[in-house]
Amino acid sequence: MNAQACRQMLPEPVVTREKILALQSEVSKLPQVEMPLRHFFANGVYARELTIPAGTVFVGKIHKYAQINILSKGDISIATEQGVMRVQAPYTVVSPPGTKRVGYAHEETVWTTISRTDETDLELIEKELIAESFENYELFCREAMRLKGDQS
């Protein structure tokens, strides 16, 4: 059986990029919630700690690289293209590159994302680690593959 036939037998994912982007569009029309943010830097490591108030729905950004995520406080439901899950602190996971999350905080939640970078300027960190769109992420991946091929 070829890959196309195999994919056709699989159920459609509950959460798709299109659904995530549609929710992001709708959420952006609502009053925005203040979410305290703290930044930490140590020896080529950047940690971004976000406090998410209870009852908040949010849509995250698309990360270009794998990252470590630590839920140090709270109870949250997370949806990605890989599925939906509810997790409670303490919880740690490595997210693959290209992940975009939708979340709902059942109670006040503290979520920390840890990435590798030598940058300390927040704008430059954003440019280095975040893709502005799925199309931008795919271009980034193609360029990375091209550069990898040039080094062989």
Nearest heavy-atom neighbours spanning Asn69 and Ser95: ND2-OG, 2.6 Å
Mind running side-chain contact (heavy atoms from CB on, under 4.5 Å) on Leu139 and Glu143 for me, showing each step along the way? CA-CA 6 Å; Leu139 287 171; Glu143 180 64 14; over 6 Å; no
Hydrophobic cluster membership, with links at side-chain heavy-atom distances under 4.5 Å among I/L/V/M/F/W/Y: are Val57 and Ile78 in one? no
Ser72 versus Ala89, closest heavy-atom pair with distance: C-CB, 3.5 Å
Across all chains, not counting sequence neighbours, the side-chain hydrogen bond (donor to acceptor under 3.5 Å, both in side chains) partners of Ser77 are His106
Decide side-chain contact (heavy atoms from CB on, under 4.5 Å) for Thr51 and Thr109; before the verdict, give the C-alpha distance in whole Å, the side-chain angles of both, and the deciding distance to 0.1 Å. CA-CA 6 Å; Thr51 300; Thr109 297; over 6 Å; no
Hey, are the side chains of Thr99 and His63 touching, using non-hydrogen atoms and a 4.5 Å cut-off? no
Would you say Leu122 ends up clustered with Tyr65 if hydrophobic residues are merged whenever their side chains have heavy atoms under 4.5 Å apart, either directly or through other cluster members? yes
Could you report the tightest heavy-atom contact between Leu71 and Gly74, atom names first, then the distance? CD2-O, 4.2 Å
Testing the 3.5 Å rule here: is there a donor-acceptor pair between the side chains of Glu119 and Thr117? no
Run the salt bridge (Lys or Arg N to Asp or Glu O under 4.0 Å) test against Glu132 and tell me which residues pass, sequence neighbours left out. none
Side-chain touch Glu107/Lys73, heavy atoms, less than 4.5 angstrom: no
Tested for side chain to side chain contact (heavy atoms under 4.5 Å, CB included) against Phe58, the lone hit among Ile52, Val33, Val102, Val27 is Ile52
With sequence neighbours excluded, what pairs up with Lys127 under the salt bridge (Lys or Arg N to Asp or Glu O under 4.0 Å) test? none
Do the two ring centres, one from Phe134 and one from Phe140, sit under 6.0 Å apart? no
Quick check: closest heavy atoms across Ala79 and Val15, and the distance to 0.1 Å? CB-CG2, 3.9 Å
Value rounded to 0.5 Å, distance of OG in Ser133 from CZ in Arg17: 9.5 Å
Quick one: do Ile62 and Ile130 satisfy side-chain contact (heavy atoms from CB on, under 4.5 Å)? Show the steps, please. CA-CA 6 Å; Ile62 304 165; Ile130 303 299; 5.6 Å; no
Which residues pass the salt bridge (Lys or Arg N to Asp or Glu O under 4.0 Å) test with Glu128, not counting sequence neighbours? none
Please report the closest heavy-atom contact between Val94 and Ala66, naming both atoms and the distance. CG1-CB, 4.3 Å
Any chance you could measure Leu50, atom CG, to Thr113, atom OG1, to the nearest 0.5 Å? 8.0 Å
N/O donor-acceptor pairs under 3.5 Å from side chains in residues 34-44, not counting sequence neighbours:
unit_1: Arg38; atom_1: NH1; unit_2: Glu49; atom_2: OE1; d: 3.4
unit_1: His39; atom_1: ND1; unit_2: Tyr46; atom_2: OH; d: 2.7

Just so I know, are the side chains of Leu21 and Lys100 near enough to count as touching, which here means a heavy-atom distance under 4.5 Å? yes
Rounded to the nearest 0.5 Å, how far apart are CD1 of Ile114 and CD of Gln67? 10.0 Å
With sequence neighbours excluded, residues passing salt bridge (Lys or Arg N to Asp or Glu O under 4.0 Å) with Arg116: Asp118
Would you give the length of the straight line joining atom OG1 of Thr56 to atom CD of Gln32, rounded to the nearest 0.5 angstrom? 10.0 Å
Does Arg142 come within less than 4.0 Å of Glu135, counting only side-chain N to carboxylate O? no
Out of curiosity, Glu81 CD to Lys19 NZ, how far, rounded to the nearest 0.5 Å? 11.5 Å
Gap between atom SG of Cys141 and atom NZ of Lys64 - 0.5 Å precision: 10.0 Å
Using every non-hydrogen atom in the two residues, find where Arg101 and Trp111 come nearest and quote the distance to one decimal. NE-CZ2, 3.7 Å
